[in-house]
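Have a look at the structure below, then the notes.
Letters A, B, ... mirror the listed sequences (proteins, then strands); counts begin at 1.
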2 protein chains.
Amino acid sequence: MLTIGKLGEAAGVKVPTIRYYEQIGILPEPERSAGNQRLYGTRTLDRLAFIRHARDLGFPLEAIRDLLSLSDRPDQSCAEADVIAKEQLGAVRARITRLTALKGELERMIVQCAQGTIANCRVIEALSDHASCTQGHQRAASMAGGDDNIQEVAS
Amino acid sequence: MLTIGKLGEAAGVKVPTIRYYEQIGILPEPERSAGNQRLYGTRTLDRLAFIRHARDLGFPLEAIRDLLSLSDRPDQSCAEADVIAKEQLGAVRARITRLTALKGELERMIVQCAQGTIANCRVIEALSDHASCTQGHQRAASMAGGDDNIQEVAS
DNA sequence: CTAATGTCTCTAGCAACTAGAGGTTCAAGA
DNA sequence: TCTTGAACCTCTAGTTGCTAGAGACATTAG
């Protein structure tokens with residue numbers, strides 16, 4: 001039997017994340033020790049590894065929940081799993097397309113920045129000049145899953 | 001003078017988002033009409049278009065805040081703006097690399113799904129089999145800004 | 001036995017919005 | 001002029017997928 005810390009270590013998932021997964025119901029409530037600490041078997045380790053891997057692949061937790069409920073009924077058709085994976089692939093492709101366009105625009109911006117003053121800075125100017133934008137004006141309706149925010153770029 | 005709705009339409013930004021930007025201080029508090037409604041000039045439209053464009057490029061609001069404070073002091077060097085843009089470019093490149101790897105893995109998974117039952121579904125199996133993962137085990141320390149979650153894939 | 005580490009629950013916070021309640025103001029048509 | 005309906009106001013709470021902290025209890029190594 002594994003404690004929560006060992007489980008997290010084995011699966012590559014942080015301890016609070018495991019408790020969070022239990023809270024939202026994608027991991028079952030485990031046994032407890034005499035002192036009320038969670039104890040897990042290898043079944044849960046497999047399940048958690050599955051979740052982690054799917055998260056790494058970009059699947060949202062709701063999709064993972066669906067996948068898990070499918071794998072709990074192994075006699076069903078795998079068509080549903082296939083659909084989920086294909087949707088995921090479409091979303092990933094769309095993101096790559098979009099990010100590639102962004103990369104081009106950023107590269108242009110940086111090349112044009114001649115280390116002058118802000119007044120004639122191409123970076124700021126490129127950001128101000130919406131007309132030179134390669135993307136359209138549709139933000140909400142742009143592409144499926146097009147939420148390309150990057151964390152920790154500059155504080 | 002533009003009302004908030006017209007401003008949002010002109011800049012391609014939703015009304016609650018504008019109020020949110022004001023709340024977090026990246027848009028100034030505007031004038032008000034006699035009936036307490038917000039009224040904006042073209043200065044704010046420019047600023048909002050700048051924000052929207054930068055968001056489209058994936059800049060986080062904190063980076064945009066820095067960029068805006070730079071552009072408020074036009075005599076400074078643009079080196080800082082250059083640094084921010086370069087960080088952004090690095091993050092975008094890392095995301096593309098990562099997403100391309102994910103795309104390959106998803107494609108493999110889907111090709112192998114022979115429309116059988118869950119019991120021998122390659123999609124589920126590929127997700128369970130952590131050993132066949134092309135990525136390492138480092139999640140937190142993977143790549144800069146590597147948070148590739150996709151929304152709205154499956155409910 | 002004690003000290004250090006691990007675990008417990010609970011609450012609050014992060015980004016970047018979005019949605020809703022319940023009320024007010026404005027512009028246009030009859 | 002009145003009236004309707006859209007747009008606006010403030011405020012709170014929800015979203016996703018966690019992360020961080022407080023204060024208390026459990027376990028384990030020396």
Side-chain angles (χ1 to χ4, degrees), chain A residues 1-27 29-40 48 51-52 54-65 91 139-142 145-155, chain B residues 1-27 29-40 48 51-52 54-65 91 139-142 145-155:
Chain A
M1 285 297 191
L2 300 160
T3 61
I4 196 169
K6 299 292 172 194
L7 177 72
E9 208 177 326
V13 174
K14 287 179 191 154
V15 167
T17 304
I18 296 171
R19 287 195 279 250
Y20 170 71
Y21 286 164
E22 179 185 327
Q23 189 194 312
I24 64 168
I26 66 172
L27 282 182
E29 291 185 19
E31 292 177 56
R32 299 286 182 135
S33 73
N36 198 36
Q37 300 197 347
R38 290 171 179 83
L39 292 176
Y40 299 93
L48 185 54
I51 295 167
R52 191 200 111 96
R55 288 290 301 132
D56 278 352
L57 285 166
F59 287 82
L61 284 174
E62 279 315 297
I64 295 171
R65 195 193 292 273
R139 180 148 172 70
S142 58
D147 181 1
D148 291 311
N149 305 322
I150 284 100
Q151 254 73 320
E152 299 160 56
V153 160
S155 57
Chain B
M1 285 298 190
L2 299 161
T3 61
I4 197 169
K6 299 293 172 192
L7 177 72
E9 208 178 325
V13 174
K14 285 180 193 153
V15 167
T17 304
I18 297 171
R19 288 196 277 251
Y20 170 71
Y21 286 165
E22 179 185 327
Q23 190 195 313
I24 64 168
I26 66 171
L27 282 183
E29 290 185 21
E31 291 179 54
R32 297 288 181 134
S33 73
N36 197 36
Q37 300 196 349
R38 289 171 180 82
L39 292 176
Y40 298 94
L48 185 55
I51 295 167
R52 191 200 110 95
R55 286 292 299 130
D56 278 352
L57 284 165
F59 287 82
L61 284 174
E62 279 316 295
I64 295 171
R65 196 194 292 273
R139 180 150 173 70
S142 60
D147 182 0
D148 292 311
N149 304 324
I150 284 98
Q151 254 73 320
E152 298 160 56
V153 160
S155 59

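Comparing A/Ala34 and A/Thr17 by the nucleotide of DNA chain D whose heavy atom lies nearest to each, the residue mapping closer to the 5' end is A/Thr17.
A/Ile24 has its CD1 atom 7 Å from the P atom of D/dG17, to the nearest Å. The CZ atom of B/Arg52 sits 16 Å away from the P atom of C/dA16 (whole-angstrom rounding). Note: CE (A/Met1) to P (D/dT27) measures 15 Å, nearest angstrom. Regarding B/Leu48, its CG atom lies at a distance of 14 Å from the C1' atom of C/dC17, rounded to whole Å. As rounded to whole Å, 12 Å separates atom C1' of D/dT16 from atom CZ of A/Arg65.
Taking 4.5 Å as the limit, some side-chain heavy atom of B/Ile24 sits within range of a side-chain heavy atom of B/Arg65. Two residues are said to be in side-chain contact when any heavy atoms from C-beta on lie closer than 4.5 Å; B/Ile26 and B/Ile51 meet this criterion. Counting heavy atoms from C-beta on, the side chains of B/Ile18 and B/Arg38 never come closer than 4.5 Å. Residues B/Leu39 and B/Pro30 have side chains not in contact (no heavy-atom distance under 4.5 Å, counting atoms from C-beta outward).
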Determine, for nucleotides 3-10 of chain C in 5'-to-3' order, which nucleotides have protein heavy atoms under 4.0 Å from the base (write B), from only the sugar-phosphate (write S), or from neither (write -).
-> ---BSSB-

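In terms of phosphate contacts, B/Tyr21 brings a side-chain nitrogen or oxygen within less than 4.0 Å of OP1 or OP2 of C/dC17. Of the side-chain N and O atoms in B/Lys14, none sit less than 4.0 angstrom from OP1 or OP2 of C/dC17.
Judged purely by atom type and a 3.5 angstrom limit, B/Arg52 has no side-chain atom pairing as donor or acceptor with the backbone of B/Asp56.
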Dump the intermediate steps for side-chain contact (heavy atoms from CB on, under 4.5 Å) on A/Met1 and A/Glu31, then the final yes or no.
-> CA-CA 10 Å; A/Met1 285 297 191; A/Glu31 292 177 56; 2.9 Å; yes

Under the side-chain contact (heavy atoms from CB on, under 4.5 Å) criterion, do A/Tyr20 and A/Leu61 qualify, and how do the steps go?
-> CA-CA 12 Å; A/Tyr20 170 71; A/Leu61 284 174; 3.9 Å; yes

Determine, stepwise, if the pair A/Leu7 / A/Val13 fulfils side-chain contact (heavy atoms from CB on, under 4.5 Å).
-> CA-CA 8 Å; A/Leu7 177 72; A/Val13 174; over 6 Å; no

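The pair A/Arg19-A/Glu22 does not count as a salt bridge, with every side-chain nitrogen at least 4.0 angstrom from each carboxylate oxygen.
For B/Pro16, the listed nucleotide lying nearest its side chain is C/dT18; candidates were C/dA16, C/dT18, D/dT19.
For the strand DNA chain C, secondary-structure stems (runs of at least three Watson-Crick or G-U pairs, all distances below 3.5 Å) span C:1-30 with D:1-30.
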